[in-house]
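Working notes for the structure below.
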Amino acid sequence: MNILYTAASLLTQVEQWRQAGKRIGLVPTMGALHEGHLQLVRAAAAANDVVVVSIFVNPTQFNNPDDFRLYPRLPEADAALLSPAGCTALFLPSVEEMYPTPAVLRFDFGALERVMEGAHRPGHFNGVATVVSKLFHLCQPHRAYFGQKDLQQVAIIQQLVADLSFALELVVFPTVREADGLAMSSRNRRLTPDERAVAPRLYEALRQAADLVQAGAEPTAVQTAVAEYLAATPAITLEYMEVADAQTLQPLPGPWQQQAAVALCLAAHLGSVRLIDNVMVMS
Ligand code: PAF
């Protein structure tokens with residue numbers, strides 16, 4: 001596995017691959033890799049000739065400086081996991097390499113970003129769209145791989161690909177969970193043992209919410225039930241819980257009519273760690 005640190009070296013490598021007719025898979029990450037990432041890498045290796053994994057903790061998508069500062073960074077351990085999973089090249093750029101000058105372009109995804117993560121983390125999706133666009137230009141992948149845990153991010157990137165005509169296929173994989181249900185996340189490493197012990201309650205709350213939605217409950221009743229369930233655990237502070245149309249991510253106006261998939265999404269704080277999770281309800 002090659003480790004590439006510069007945009008120029010990645011562009012040169014990609015040009016050689018493209019000339020040789022190789023199919024390129026890209027797995028963009030911020031590192032601190034877990035099984036969820038490795039599943040994406042293995043899937044990319046199975047479907048493409050070469051696989052690029054990028055590890056870049058992108059400052060422009062963090063609206064909380066402490067979250068950026070404390071985000072786990074483990075490049076050596078990550079690199080050791082990637083080769084066996086089928087990674088051909090690890091792209092490990094510096095901030096200066098990705099942003100030689102500050103980005104001035106601003107993205108506005110309309111209603112899609114006025115809810116949930118977009119509403120609670122101003123500027124977050126502008127940063128995501130900026131860095132993902134840069135990665136798509138530098139890597140020119142045939143396929144790019146993302147996890148469904150970041151449901152709204154996936155929707156934003158789908159819109160990005162459509163609006164800017166990126167000639168690639170987006171491949172989305174289901175959330176990978178620990179045995180106790182906690183969604184795998186790089187931020188889980190920052191949980192204290194006590195926080196880790198109660199963290200699976202986020203998924204429990206979502207499963208209870210899914211039962212309520214299926215039973216025809218009003219979205220506000222579902223939100224109240226989740227808030228009450230999580231309030232019983234003082235270590236957890238709920239930031240939001242939304243009952244949304246899975247296509248548009250807009251709040252469901254009334255009880256589910258089984259006409260379309262529903263996304264149940266939440267964000268919560270455990271100490272200084274902010275986690276998100278979601279489940280789908282389908283007819
Ligand atoms: O999901 C992530 O890890 C990041 O948001 C991404 C897509 C790598 C962009 O920085």
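Below, each value reflects all heavy atoms present in this structure, side chains not excepted, and no hydrogens, waters or symmetry copies. Residues: numbered from 1 along the sequence shown. Just follow the structure's listing: the first ligand is 1, and inside any ligand the first atom is 1.
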I'd like to know if the side chain of [X] pairs up with that of [Y] as donor and acceptor (distance under 3.5 Å, no hydrogens or angles considered).
X: S9; Y: T6; result: yes
X: T60; Y: N58; result: yes
X: D66; Y: Y71; result: no
X: H269; Y: E239; result: yes
X: N48; Y: R143; result: yes

Identify the protein atoms, limited to N or O, that lie within less than 3.5 Å of an N or O atom of ligand 1, and list each pair with its distance to 0.1 Å.
unit_1	atom_1	unit_2	atom_2	d
ligand 1	1 (O)	Q153	NE2	2.8
ligand 1	5 (O)	Q61	NE2	2.9
ligand 1	5 (O)	Q153	OE1	2.7
ligand 1	10 (O)	Q61	OE1	2.6

Q. What salt bridge (charged side-chain N to carboxylate O under 4.0 Å, His left out) pairs are there with at least one residue in residues 19-35, not counting sequence neighbours?
A.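 Listed by first then second residue: E35-R42.
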